[in-house]
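Worksheet: one structure, shown below.
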Amino acid sequence: MTYINDNVIPGNHGKTFTTDVRSPEEKSKLKAAIMKIDGVTNVIFEDVYPSEVTVHTDKVVHVNEIQDIATDLEFHVIAKGPFFPLF
């Protein structure tokens with residue numbers, strides 16, 4: 001893996017994850033847990049199937065931190081591929 005794939009990089013791009021949450025209650029629970037991670041500034045759920053969540057940060061956050069939080073709540077989050085082109 002690479003630094004960009006292993007981390008959520010600060011900025012307006014964020015990192016998108018596929019997740020198995022469905023209900024608004026589950027989304028709220030996962031969002032609250034992810035927001036507790038130091039550096040996370042915003043968590044946005046997209047209206048698509050399968051469910052996707054985008055996490056924005058103001059400092060570098062390791063993807064495993066987000067995945068571990070979700071696993072503790074018995075959810076899954078899988079980071080999607082490259083999130084923005086690097087020119």
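What you see is a predicted model; the values in this text were computed from it and never measured.
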Does the side chain of Ile66 come within less than 4.5 Å of Val8's, by heavy atoms? yes
Please report the shortest heavy-atom distance between Gln67 and Val77, naming the atom on each side. NE2-O, 3.3 Å
Backbone N/O of Glu26 and side chain of Ser23: donor-acceptor pair under 3.5 Å: yes
When you compare the side chain of Asn12 with that of His56, does any pair of heavy atoms fall below 4.5 Å? no
Output yes when a side-chain donor or acceptor of Ser28 lies under 3.5 Å from a complementary backbone atom of Pro24, and no otherwise. no
Looking at CD of Glu74 and CG of Leu30, how far apart are the two atoms once the value is rounded to the nearest 0.5 Å? 12.5 Å
When you look at Thr54 and Thr16, which way does the side chain to side chain donor-acceptor pair (under 3.5 Å) test go after all the steps? CA-CA 4 Å; Thr54 302; Thr16 303; 3.2 Å; yes
Check whether any side-chain heavy atom of Phe17 lies under 4.5 Å from a side-chain heavy atom of Val63, and answer yes or no. yes
Any non-hydrogen side-chain atom of Val55 less than 4.5 Å from a side-chain atom of Ile34? yes
Side chain proximity check, Val53 to Ile44, heavy atoms < 4.5 angstrom: no
Compare all side-chain heavy atoms of His76 with those of Thr19 and state whether any distance is below 4.5 angstrom. no
Do His62 and Asp6 have side chains that approach each other closer than 4.5 Å (heavy atoms only, starting at C-beta)? yes
On a heavy-atom basis, which atom in Val21 and which in Ser51 lie closest, and how many Å separate them? O-OG, 2.9 Å
For the student: nearest non-hydrogen atoms of Phe45 and Lys27, plus distance: CE1-O, 3.4 Å
Lys59 vs Asp38 side-chain heavy atoms within contact, under 4.5 Å: yes
To the nearest 0.5 Å, what is the distance between NZ on Lys36 and CD1 on Ile69? 8.5 Å
